[in-house]
Amino acid sequence: MQITGIILAGGRSRRMGTDKALLEFGGVPLIAHLAVRLSQVADTVLIACGEEEREDYQFLKLPMVTDCYPGLGPLAGLYAALNLSHTEWSAVVACDLPFTSIELLNYMKELAAAEPSVQAVVPVNAAGKVQPLLALYHRSVLPSLHESLEQKSLRVMEWLGCLKVRYVQERDFPVSYRSHDKALLNMNTPAEYFAAVKLASFLLKGDSEN
(Lines give C-alpha, C1' and ligand atoms only; values in the text may rest on other atoms or scores of the structure.)
Protein backbone atom coordinates (compact mmCIF):
# COMPACT_ATOMS: atom_id res chain seq x y z
CA MET A 1 0.00 0.00 0.00
CA GLN A 2 1.43 3.36 -1.02
CA ILE A 3 1.18 6.16 1.52
CA THR A 4 2.26 9.78 1.81
CA GLY A 5 4.37 10.94 4.74
CA ILE A 6 3.39 14.25 6.31
CA ILE A 7 5.52 16.20 8.78
CA LEU A 8 3.53 18.78 10.75
CA ALA A 9 6.06 21.55 11.32
CA GLY A 10 6.19 25.23 12.13
CA GLY A 11 3.83 26.29 14.85
CA ARG A 12 4.48 28.83 17.55
CA SER A 13 6.64 26.68 19.87
CA ARG A 14 5.93 29.13 22.68
CA ARG A 15 7.10 26.84 25.49
CA MET A 16 10.24 25.77 23.63
CA GLY A 17 11.14 29.34 22.68
CA THR A 18 12.42 28.33 19.24
CA ASP A 19 11.30 26.28 16.23
CA LYS A 20 11.30 22.67 17.46
CA ALA A 21 11.77 21.35 13.93
CA LEU A 22 15.22 22.94 13.69
CA LEU A 23 16.58 21.71 17.03
CA GLU A 24 19.57 19.41 16.61
CA PHE A 25 18.86 15.73 17.16
CA GLY A 26 21.39 13.07 16.32
CA GLY A 27 23.63 15.63 14.66
CA VAL A 28 20.96 16.95 12.25
CA PRO A 29 17.91 19.20 12.51
CA LEU A 30 15.02 17.24 14.00
CA ILE A 31 12.89 17.76 10.91
CA ALA A 32 15.61 16.13 8.76
CA HIS A 33 15.80 13.20 11.19
CA LEU A 34 12.02 12.70 10.90
CA ALA A 35 12.08 13.04 7.11
CA VAL A 36 14.57 10.17 6.87
CA ARG A 37 12.40 7.97 9.09
CA LEU A 38 9.22 8.75 7.19
CA SER A 39 10.91 8.11 3.85
CA GLN A 40 11.44 4.50 4.93
CA VAL A 41 7.68 4.02 5.25
CA ALA A 42 6.13 6.47 2.77
CA ASP A 43 6.52 6.87 -0.98
CA THR A 44 6.51 10.67 -0.76
CA VAL A 45 7.24 12.97 2.17
CA LEU A 46 5.90 16.51 2.39
CA ILE A 47 5.96 19.23 5.02
CA ALA A 48 2.96 21.15 6.31
CA CYS A 49 4.06 24.50 7.72
CA GLY A 50 3.31 28.20 7.87
CA GLU A 51 4.40 30.58 5.16
CA GLU A 52 7.07 32.07 7.43
CA GLU A 53 8.82 28.72 7.92
CA ARG A 54 9.09 27.79 4.24
CA GLU A 55 12.50 29.40 3.79
CA ASP A 56 13.91 27.63 6.89
CA TYR A 57 12.95 24.21 5.54
CA GLN A 58 14.15 24.68 1.95
CA PHE A 59 17.35 22.72 2.68
CA LEU A 60 15.30 19.50 2.83
CA LYS A 61 14.26 19.85 -0.82
CA LEU A 62 10.85 18.38 0.01
CA PRO A 63 7.45 19.63 -1.18
CA MET A 64 5.81 22.01 1.27
CA VAL A 65 2.22 23.03 1.76
CA THR A 66 1.07 26.04 3.78
CA ASP A 67 -2.04 26.16 5.90
CA CYS A 68 -5.35 27.04 4.30
CA TYR A 69 -6.42 28.10 7.80
CA PRO A 70 -3.39 29.95 9.23
CA GLY A 71 -3.03 29.95 12.99
CA LEU A 72 -5.51 27.14 13.65
CA GLY A 73 -3.00 24.55 14.79
CA PRO A 74 -2.26 20.98 13.73
CA LEU A 75 -5.69 20.27 12.24
CA ALA A 76 -5.10 23.06 9.73
CA GLY A 77 -1.72 21.63 8.72
CA LEU A 78 -3.20 18.16 8.42
CA TYR A 79 -6.04 19.43 6.24
CA ALA A 80 -3.70 21.26 3.87
CA ALA A 81 -1.39 18.26 3.55
CA LEU A 82 -4.14 15.68 3.02
CA ASN A 83 -5.53 17.85 0.23
CA LEU A 84 -2.14 17.72 -1.47
CA SER A 85 -1.61 13.99 -0.91
CA HIS A 86 -2.05 11.70 -3.93
CA THR A 87 -2.52 8.53 -1.88
CA GLU A 88 -5.54 7.18 -0.02
CA TRP A 89 -3.60 6.96 3.24
CA SER A 90 -1.06 9.30 4.84
CA ALA A 91 1.26 8.85 7.81
CA VAL A 92 1.34 11.99 9.93
CA VAL A 93 4.16 12.88 12.31
CA ALA A 94 4.42 16.05 14.38
CA CYS A 95 7.88 17.61 14.46
CA ASP A 96 8.17 17.22 18.25
CA LEU A 97 8.19 13.40 18.21
CA PRO A 98 11.91 12.56 17.95
CA PHE A 99 11.55 8.82 18.62
CA THR A 100 9.07 8.17 15.82
CA SER A 101 9.24 4.42 15.20
CA ILE A 102 9.52 2.95 11.71
CA GLU A 103 8.28 -0.38 13.11
CA LEU A 104 5.20 1.22 14.64
CA LEU A 105 4.40 3.11 11.45
CA ASN A 106 4.75 -0.04 9.36
CA TYR A 107 2.51 -1.96 11.76
CA MET A 108 -0.16 0.77 11.58
CA LYS A 109 0.17 0.68 7.81
CA GLU A 110 -0.58 -3.05 7.87
CA LEU A 111 -3.66 -2.43 10.02
CA ALA A 112 -4.90 0.28 7.65
CA ALA A 113 -4.57 -2.08 4.68
CA ALA A 114 -6.36 -4.89 6.53
CA GLU A 115 -9.31 -2.88 7.85
CA PRO A 116 -10.97 -1.03 4.94
CA SER A 117 -13.73 0.58 7.03
CA VAL A 118 -11.25 2.41 9.27
CA GLN A 119 -10.48 6.11 8.70
CA ALA A 120 -7.60 6.50 11.15
CA VAL A 121 -5.05 4.32 12.91
CA VAL A 122 -3.87 5.95 16.13
CA PRO A 123 -1.46 4.64 18.82
CA VAL A 124 -2.08 4.68 22.57
CA ASN A 125 0.65 4.29 25.19
CA ALA A 126 0.56 1.98 28.22
CA ALA A 127 -0.87 4.78 30.39
CA GLY A 128 -3.77 5.28 27.98
CA LYS A 129 -2.51 8.49 26.37
CA VAL A 130 -3.60 8.81 22.74
CA GLN A 131 -1.09 10.26 20.25
CA PRO A 132 -3.11 11.52 17.25
CA LEU A 133 -0.10 13.31 15.72
CA LEU A 134 1.77 10.07 15.08
CA ALA A 135 -0.94 8.31 13.12
CA LEU A 136 -2.35 7.23 9.77
CA TYR A 137 -5.30 9.04 8.19
CA HIS A 138 -7.45 8.17 5.18
CA ARG A 139 -8.54 10.80 2.68
CA SER A 140 -12.14 10.25 3.74
CA VAL A 141 -11.47 12.32 6.89
CA LEU A 142 -11.27 15.52 4.83
CA PRO A 143 -14.97 16.53 5.03
CA SER A 144 -15.11 16.23 8.82
CA LEU A 145 -11.74 17.97 9.10
CA HIS A 146 -12.99 20.83 6.95
CA GLU A 147 -16.13 21.14 9.06
CA SER A 148 -14.11 21.26 12.30
CA LEU A 149 -11.90 24.03 10.93
CA GLU A 150 -14.86 26.02 9.63
CA GLN A 151 -16.49 25.81 13.05
CA LYS A 152 -13.18 26.63 14.83
CA SER A 153 -13.50 23.33 16.67
CA LEU A 154 -9.77 22.70 16.96
CA ARG A 155 -9.41 20.00 19.62
CA VAL A 156 -7.84 17.01 17.89
CA MET A 157 -9.41 14.49 20.27
CA GLU A 158 -12.89 15.89 19.67
CA TRP A 159 -12.36 15.57 15.93
CA LEU A 160 -11.20 11.96 16.34
CA GLY A 161 -14.54 11.26 17.99
CA CYS A 162 -16.20 11.85 14.59
CA LEU A 163 -14.08 9.20 12.84
CA LYS A 164 -13.88 5.43 12.63
CA VAL A 165 -10.60 4.97 14.50
CA ARG A 166 -8.51 1.86 15.05
CA TYR A 167 -6.61 2.55 18.27
CA VAL A 168 -3.34 0.64 18.61
CA GLN A 169 -2.89 -0.29 22.26
CA GLU A 170 0.43 -1.34 23.76
CA ARG A 171 -0.93 -4.90 24.12
CA ASP A 172 -1.77 -5.01 20.38
CA PHE A 173 1.79 -4.37 19.31
CA PRO A 174 3.59 -7.53 18.12
CA VAL A 175 5.82 -8.96 20.85
CA SER A 176 8.72 -9.11 18.41
CA TYR A 177 8.77 -5.28 18.36
CA ARG A 178 9.97 -3.01 21.13
CA SER A 179 7.51 -1.15 23.32
CA HIS A 180 6.23 1.79 21.32
CA ASP A 181 5.99 4.11 24.34
CA LYS A 182 9.20 5.99 23.42
CA ALA A 183 7.80 6.64 19.94
CA LEU A 184 4.96 8.61 21.52
CA LEU A 185 7.19 10.87 23.62
CA ASN A 186 6.92 14.47 22.51
CA MET A 187 8.88 17.50 23.66
CA ASN A 188 7.46 20.95 24.26
CA THR A 189 9.99 22.57 26.60
CA PRO A 190 13.79 22.93 26.71
CA ALA A 191 13.90 20.47 29.64
CA GLU A 192 12.00 17.86 27.60
CA TYR A 193 14.30 18.45 24.64
CA PHE A 194 17.47 17.92 26.71
CA ALA A 195 15.91 14.80 28.26
CA ALA A 196 15.16 13.46 24.76
CA VAL A 197 18.73 14.11 23.60
CA LYS A 198 20.05 12.33 26.70
CA LEU A 199 17.74 9.37 26.12
CA ALA A 200 18.76 9.15 22.45
CA SER A 201 22.44 9.12 23.47
CA PHE A 202 21.75 6.38 26.01
CA LEU A 203 19.88 4.26 23.47
CA LEU A 204 22.61 4.75 20.86
CA LYS A 205 25.26 3.71 23.36
CA GLY A 206 23.24 0.62 24.27
CA ASP A 207 22.89 -0.37 20.62
CA SER A 208 26.61 0.04 19.99
CA GLU A 209 27.43 -2.23 22.92
CA ASN A 210 25.09 -5.03 21.77
| query | Can you check whether Lys198's main-chain N or O pairs, donor with acceptor, with Ser201's side chain at less than 3.5 Å? | reply | no
| request: Check ring pair (Phe, Tyr, Trp, His ring centres under 6.0 Å) between Tyr69 and all other residues, then give those that pass, not counting sequence neighbours. | output: Tyr79
Heavy-atom closest pair, residues [X] and [Y]:
X      : Y      : result
Leu134 : Met108 : O-CE, 3.7 Å
Ile6   : Ala48  : CG2-CB, 4.5 Å
Ala81  : Val65  : CA-CG1, 3.8 Å

| message | Can you tell me if Arg54 has over 12 outside heavy atoms packed within less than 6.0 Å of its CZ? | response | yes
| field | Within 6.0 angstrom of Glu55 CD, more than 12 heavy atoms from elsewhere | value | no
| message | Regarding Thr87 and Gln2, do their side chains bring together a donor and an acceptor under 3.5 Å, going by distance alone? | response | no
| query | Under 3.5 Å, is there a donor-acceptor pair linking the side chains of Ser153 and Ser148? | reply | no
| task | Return each pair, listed once, that meets salt bridge (Lys or Arg N to Asp or Glu O under 4.0 Å) where at least one residue sits in residues 62-80; pairs must be two or more places apart or across chains. | result | none
| said: According to salt bridge (Lys or Arg N to Asp or Glu O under 4.0 Å), does anything in residues 111-122 pair up with another residue at least two apart or in another chain? List the pairs. | reply: Glu115-Arg166
| request: On the 0 to 90° scale, with breaks at 30° and 60°, tag the Phe99-Phe25 ring pair as parallel, tilted or perpendicular. | output: perpendicular
